[in-house]
Amino acid sequence: MRDYVLLYINGKRHQISGERVFQPLSDFLRYDQEMVGTKVVCAEGDCGACSALLGRAGDGTLNYQVFNTCIAYVFQLDCRHVVTVEGLKGHNGLHPVQQAMIEHFGSQCGYCTPGFVVAMAALFEKRHDLTEQAVRDGLTGNLCRCTGYQAIINATLSIKPDTVETMAERFPALPMLDAFDQHSQSSVLIEYPESIQGKTIMKRSFIPSSVQEAVLLKKQHPDAVLIAGGTDISVQMNKEKIDPQTVIILPDTPELRVLELDQENLKIGAKVRWSELEIFCKDKLPELHKILKVFASDQIKNCATMAGNIANASPIADSLPFLFVVNAEIELTGIQNKRWVEINRFFHGYKNTDIQAEEVITQIRIPLPKPEQFLKLYKVSKRRDLDISTFTAAILVEMVDDQMIKDIRIAYGGVAPVVLRLAKTEAFLKNKTFDLENMRTAGKLAREEIAPISDVRASRDYRLRLSETTLEKFFHEVSQTE
Amino acid sequence: MSITEQESAEMKVVGTRISRPDGVDKVTGRARYGADLMLPGMLQGATLRSPHAHAKLISIDTSRAEALPGVKAVVTRDDFKDQPSEIVAAGELPVNYRDVVRNMMAREKVLYDGHPVAAVAATSMSVAKKALKLIQVEYEVLPHVINVVDAMKPGAPILDENLRTQGDESAPDTPTNISKRVQTGFGDVDAGFAAADIIVEREYDTEPVHQGYIEPQACVASYTEDGHAEIWVSTQGHFLIRSFTARLCGLDVSKLKVTPSEIGGGFGGKNNVYGEPIALALSRKAHRPVKMVMSRNEVFRATGPTSGANMKVKVGCTRDGKITAADAVLNYQAGAFPGSPVMQASMTAFACYALENVRVVGFDVVSNRPKVAAYRAPGAQVVAFGVESVMDEMAKKLNMDPVEFRLKNAAKEGVKASFGPTLGPVGLVECLEEIKSHPNYSVPLGPNQGRGVASGFWFNIGGETCVNMNLSEDGTVALMVGTPDIGGSRASMSMMAAEALGIDPKSVTVSVGDTNALGFNFLTAGSRTTFASGKATVEAAQKMILELRSRAAKIWDISVDAVVWEEGEARPASSNAGDFEPLTLAELAKKAPKTGGPIAGHAETNVQGAGPSYASQVADVEVDPETGQVKILRFTVAQDAGKAIHPSYVEGQYQGATAQGIGWALNEAYIYDENGRLENPNFLDYRVPVASDLPMIDSIIVEVPNPNHPYGVRGIGETSIIPVTAAIANAIESATGKRLLKLPMSPPEVLEAIEGNA
């Protein structure tokens with residue numbers, strides 16, 4: 001059992017143990033290392049000012065992606081290489097993105113600039129050519145309040161991808177890969193005694209090396225918080241809403257990293273990140289891909305997982321309505337056995353799921369829509385991108401003779417404490433003609449099946465309206481497709 | 001000082017697009033901001049804030065916090081002397097010391113969710129946070145009021161029993177939340193409406209929005225045993241931080257040195273003191289440096305925002321499109337203490353129009369919200385939503401193109417401005433002509449798409465300015481200004497200095513001096529820095545040139561009048577003066593020890609003659625009829641810069657101001673729950689635009705020179721935020737036929753407007 005996190009920062013090896021592991025990487029960088037180029041602005045993954053590049057081992061090299069250091073605790077970063085803004089500069093001077101930002105006047109106040117240059121550098125790690133839209137989409141995880149973004153977009157577009165020295169070229173991967181290889185064989189336990197008001201609590205961070213070990217640990221520590229990507233848990237910790245005594249990091253085992261299509265099912269391991277799924281489903285499930293594009297920033301998608309989204313059980317989780325209409329199944333692994341739960345029976349109430357104390361989510365199995373089925377996903381939020389949804393919906397319809405509804409499944413999010421399948425509305429539409437009048441009537445039924453609340457994102461009334469108009473919108477869109 | 005067209009055309013540096021001197025520091029992360037200073041022995045400060053919107057502060061017990069290992073100091077209201085009522089200029093909004101001390105740290109009452117109650121300094125942030133939880137505060141919760149209209153009603157919860165309405169003789173001598181009534185205008189409004197064929201009258205509501213600067217407030221304060229102190233701080237005005245902090249902490253002003261860090265945005269929100277006196281008081285108790293850094297939650301709950309408002313706007317017009325009268329009543333939220341920008345709102349409301357009969361009445365109203373701070377053209381952007389919406393409706397009723405209607409009534413040189421004085425040369429007509437002829441104005445619109453036009457006006461200011469220019473021994477120039485560089489002003493200063501001296505801007509290094517290095521400088525605010533510090537820089541350069549000529553005269557042993565300064569060197573004025581090889585800056589610098597010692601130029605001045613800047617904009621939108629979501633398709637901005645010193649930075653200001661206006665129009669708002677607690681104090685729920693929300697913002701720089709600046713500069717930082725909300729509202733109306741009377745125009749509001757109250 002190892003008692004430290006092995007983390008490389010800008011090529012330099014760090015073995016971190018004790019209390020220092022229990023803080024966001026941004027604090028470790030700024031306070032412990034006095035590397036203050038990385039800025040903390042929101043401490044919840046919304047603004048990207050703290051962005052750095054996360055190098056993970058894969059295919060015999062290190063692959064670098066942008067992530068938010070404010071919501072990545074050090075205990076999540078074992079066997080990783082982090083490149084901060086201070087590490088971007090290469091042997092030949094400034095990184096091309098840094099030079100371009102100067103030449104195109106991409107900074108005004110400059111406070112967001114370190115985060116932007118890191119996110120821009122990430123866009124060139126694969127040396128792909130980028131369209132303006134791709135740049136705008138790729139930088140949605142970074143807030144700038146001064147420029148209106150145009151100068152930053154222009155700077156990014158001015159860079160020739162093939163002139164960029166990638167991080168794998170900049171930092172020799174082999175020594176780090178060797179060290180990661182040696183270290184990843186062993187499990188990790190980091191502890192430190194925290195005392196407050198005369199009481200001492202032992203804080204623990206476990207990094208098991210297998211699913212079985214994770215399950216056992218979960219049984220031994222019933223209050224432990226299980227972390228996959230940690231993009232939500234970390235926000236709650238930063239806001240002092242939770243202060244877990246024990247955390248267990250779900251390991252990157254081959255089983256949890258599976259991402260494959262077998263005949264009719266898409267299998268997604270619990271440690272598959274959204275950005276990987278986004279690429280994977282681009283051709284195989286374009287409707288899901290469309291939602292994933294605006295689902296979150298690159299920073300979030302490069303860490304967060306679908307399993308985390310499900311376990312977190314938020315009624316506005318963007319992936320859920322889709323999973324509800326395709327009848328996805330969730331694999332729960334316990335100490336002795338595995339079981340599969342159909343997602344429509346998985347949620348019992350607000351933040352209440354079917355996961356038992358000694359179980360973890362290990363895989364999600366998604367039956368792909370058949371060619372004769374139409375699928376549409378909707379996400380309504382204040383802003384187009386990476387916003388918390390006000391309302392989400394998934395509608396899947398199968399017709400006979402192009403007009404008779406053989407089967408229809410409707411799931412709405414953000415309208416009740418859990419994502420809902422609209423059983424009555426579905427029953428009404430079954431065997432009816434697929435026309436505007438029926439869809440309008442269905443919209444009125446849908447209003448009655450839900451119980452939305454008013455909150456900061458929207459009023460109850462607006463959600464009721466959307467529940468009605470969405471069915472009409474679906475009709476128009478399907479009609480146009482035909 | 002003025003320049004002719006001829007000279008203007010010969011400018012070599014002004015108007016070019018040089019790389020900024022601080023560019024490398026900013027892209028490498030080396031630039032040091034408020035939170036980036038680390039000192040030996042430094043403590044972390046943290047603030048305990050009120051969870052209540054309105055409550056009596058009965059008692060504060062800090063003993064358990066003080067006993068926690070690692071806690072080195074705790075301060076409360078008892079550590080600050082009360083201040084008498086005294087109103088002073090503080091940036092764009094006047095403040096009262098009595099209020100400043102209470103806003104910094106609550107005394108008798110807490111007045112808003114987030115109001116500071118106590119603060120601690122500890123060896124780490126985690127200890128400081130634990131200590132805050134150990135402070136016991138006893139509150140007596142009082143009824144609260146959030147909305148401005150509610151706060152004005154008889155029987156509303158009263159924030160300050162001593163408050164009476166100033167400027168209103170008819171107001172009763174009883175406690176009120178209306179702190180002030182202002183009125184501007186001239187002519188006979190009633191007669192004007194009587195002469196009108198068409199009258200449009202509407203009522204509008206807007207929500208407060210936050211400046212949203214990316215860098216949270218941060219400072220490091222250090223107090224020494226001999227009574228001197230230093231503060232490192234992210235601010236728009238370190239001289240004002242000095243005067244306020246010295247006053248609140250009972251120090252002589254000269255014993256406090258304030259050094260401005262790099263500043264990560266401000267937009268008016270960093271004109272005030274917040275944590276600086278608290279950090280200094282903690283440092284004085286702990287005998288160690290103390291860093292205070294706000295979280296985003298604290299930034300939203302306790303700094304900024306700008307006013308929300310309720311307003312009624314009424315405009316009368318003849319059938320042929322001539323405005324006969326304009327009238328408005330503005331109710332502006334001030335937050336917990338008096339001091340909204342309602343005066344600026346009143347003065348700017350109709351400043352885009354040539355009017356004979358105009359009246360604006362404004363009320364400054366307190367409620368249980370954070371005290372408002374300036375925000376980019378404070379006051380003007382709020383009222384423009386109402387006024388420019390009414391003008392659009394009027395143009396529609398007249399069946400006139402909205403640009404034509406505005407041109408017909410446009411304020412121009414020689415017109416008596418709606419706020420009083422007669423206008424000098426201004427560029428509104430030029431801006432309107434530019435947008436009218438821009439290709440974007442004739443792009444065909446598709447289904448659910450619409451186009452909207454609006455204009456805006458901002459005064460701009462000059463103010464107290466002091467700069468030093470020193471010739472270094474190698475002939476390069478070190479320029480020190482006292483206005484923090486928030487958006488590239490070191491570049492523009494180096495350009496103006498280089499232009500005046502006839503040298504390469506790379507030979508001029510510009511720094512922002514601390515409060516001991518220069519005389520008093522007013523804030524970087526009111527779009528004044530490039531204008532005022534720029535004017536002072538040119539004056540300093542001219543003084544240095546005079547000294548350089550006299551040194552050359554001494555070397556050549558001729559009269560100073562016989563020496564001219566051309567292209568960066570001293571030359572004999574003519575062949576009559578003698579036959580001498582020109583002396584460059586470097587040569588004069590080298591000979592300086594023998595010709596009289598160091599060579600410098602400086603300027604200390606209260607700069608007058610700021611030129612107002614007008615802007616006109618066109619917004620194209622598409623509205624989703626099923627969700628109410630508004631997408632901005634195109635945005636065109638024309639604004640008068642007088643003269644663009646660095647055109648790329650001018651465009652950057654236009655685009656940035658517009659982007660903020662788009663956020664204001666579509667998403668941003670403060671949302672309170674029934675207990676008066678802010679529900680969205682974070683970027684997750686307070687949504688500012690990201691790259692994919694915005695279109696390309698086409699920027700047109702109009703140049704109608706300001707005769708009061710050597711290169712014709714007008715302030716340009718603010719005006720382009722003003723027309724945005726109305727331009728978008730007008731575009732939504734053009735797309736849907738529905739007029740929105742409330743900001744933000746978020747999807748639910750737009751959908752409701754489209755569908756009616758179904």
Side-chain angles (χ1 to χ4, degrees), chain A residues 34 36-39 41-44 46-47 49 84-86 89 94 98 101-103 105 107-114 117 136-137 139-140 142-153 196 240 380 382-388 390 456-459 461-462 465-466 469-470 472-473, chain B residues 19-20 22-24 26-33 35-36 38 129-130 212-216 262-265 267 295-296 486-488 626-627 629 631 648-649 652 655-656 658-660 667 671 679-680 682-685 687-694 696-697 746-748 751-752 755 758:
Chain A
E34 298 200 3
V36 295
T38 299
K39 307 300 182 195
V41 168
C42 70
E44 56 180 18
D46 289 326
C47 77
T84 69
V85 65
E86 288 92 348
K89 212 164 42 140
L94 296 179
Q98 294 174 313
M101 280 289 271
I102 295 173
E103 285 166 10
F105 311 103
S107 304
Q108 278 184 33
C109 83
Y111 205 70
C112 68
T113 304
V117 295
R136 285 190 188 272
D137 292 344
L139 296 177
T140 50
N142 293 75
L143 287 185
C144 168
R145 191 65 160 170
C146 292
T147 62
Y149 303 101
Q150 194 62 49
I152 298 168
I153 309 285
I196 182 158
E240 299 180 76
V380 177
K382 288 189 186 175
R383 208 166 63 184
R384 188 182 75 107
D385 282 350
L386 66 129
D387 200 350
I388 294 274
T390 302
V456 288
R457 286 168 200 120
S459 66
D461 189 51
Y462 181 58
R465 280 171 196 272
L466 288 176
T469 57
T470 299
E472 227 175 280
K473 195 181 183 74
Chain B
S19 282
R20 70 190 287 167
D22 53 328
V24 171
K26 289 197 162 155
V27 299
T28 55
R30 201 182 294 124
R32 287 287 180 267
Y33 294 84
D36 295 341
M38 306 287 174
K129 281 182 177 174
K130 280 173 198 158
Y213 37 80
I214 298 295
E215 181 201 21
E262 291 289 338
I263 174 169
F267 314 109
S295 66
R296 184 55 50 180
I486 204 162
E626 270 127 0
T627 64
Q629 283 176 311
K631 185 181 179 198
S648 293
Y649 281 120
Q655 291 168 342
T658 303
Q660 284 185 317
N667 286 326
I671 303 169
E679 285 197 286
N680 59 338
N682 53 65
F683 278 139
L684 193 64
D685 294 316
R687 278 314 202 184
V688 307
V690 296
S692 54
D693 293 321
L694 298 174
M696 164 77 191
I697 297 165
S746 59
L751 188 65
E752 190 175 317
E755 295 198 331

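Below, chains carry the letters A, B, ... as their sequence lines are ordered, and counting in each starts from 1. In this text the structure is predicted, and so the values were computed from the model without any measurement.
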Is it the side chain or the backbone of [X] that comes within 4.5 Å of chain A heavy atoms, both, or neither?
{"X": "B:Ile263", "value": "backbone"}
{"X": "B:Met38", "value": "side chain"}
{"X": "B:Ser295", "value": "neither"}
{"X": "B:Lys631", "value": "neither"}
{"X": "B:Thr658", "value": "neither"}

Check: Between A:Tyr111 and A:Arg145, is any side-chain donor less than 3.5 angstrom from a side-chain acceptor?
Finding: no
All heavy atoms of A:Asn142 vs all of A:Tyr149, minimum pair found to be O-CE2, 3.6 Å
For [X], which atoms come within 4.5 Å of any heavy atom of chain B: side chain, backbone, both, or neither?
{"X": "A:Ser107", "value": "both"}
{"X": "A:Val117", "value": "side chain"}
{"X": "A:Gln98", "value": "both"}
{"X": "A:Lys39", "value": "side chain"}

Most contact-rich option vs chain B, by heavy-atom pairs under 4.5 angstrom, among A:Gly110, A:Cys144, A:Gly37, A:Ser459, is A:Gly110
Per-residue tally against chain B (heavy atom, under 4.5 Å) across A:Glu34, A:Met101, A:Glu103, A:Lys89 peaks at A:Glu34
Selection from [options] maximising heavy-atom pairs under 4.5 Å formed with chain A:
{"options": "B:Gly212, B:Gly488, B:Gly487", "value": "B:Gly212"}
{"options": "B:Gly264, B:Ala659, B:Gly265, B:Ala691", "value": "B:Ala691"}
{"options": "B:Glu679, B:Lys129, B:Glu215", "value": "B:Glu215"}
{"options": "B:Val24, B:Thr28, B:Ile697, B:Asp22", "value": "B:Thr28"}

* To do: Would you indicate whether the side-chain heavy atoms of A:Arg136 and A:Thr140 approach each other to under 4.5 Å?
  => no
Check your understanding: Taking side chain as C-beta onward, heavy atoms only, is B:Thr627 less than 4.5 Å from B:Pro747?
Key -> no
Is there a donor-acceptor pair under 3.5 Å between the side chain of [X] and the backbone N or O of [Y]?
{"X": "B:Arg20", "Y": "A:Gln108", "answer": "yes"}
{"X": "A:Thr113", "Y": "B:Lys26", "answer": "no"}
{"X": "A:Glu86", "Y": "B:Gly29", "answer": "no"}
{"X": "B:Tyr213", "Y": "A:Cys146", "answer": "no"}
{"X": "B:Glu262", "Y": "A:Cys109", "answer": "no"}
{"X": "B:Asp685", "Y": "B:Asn682", "answer": "no"}

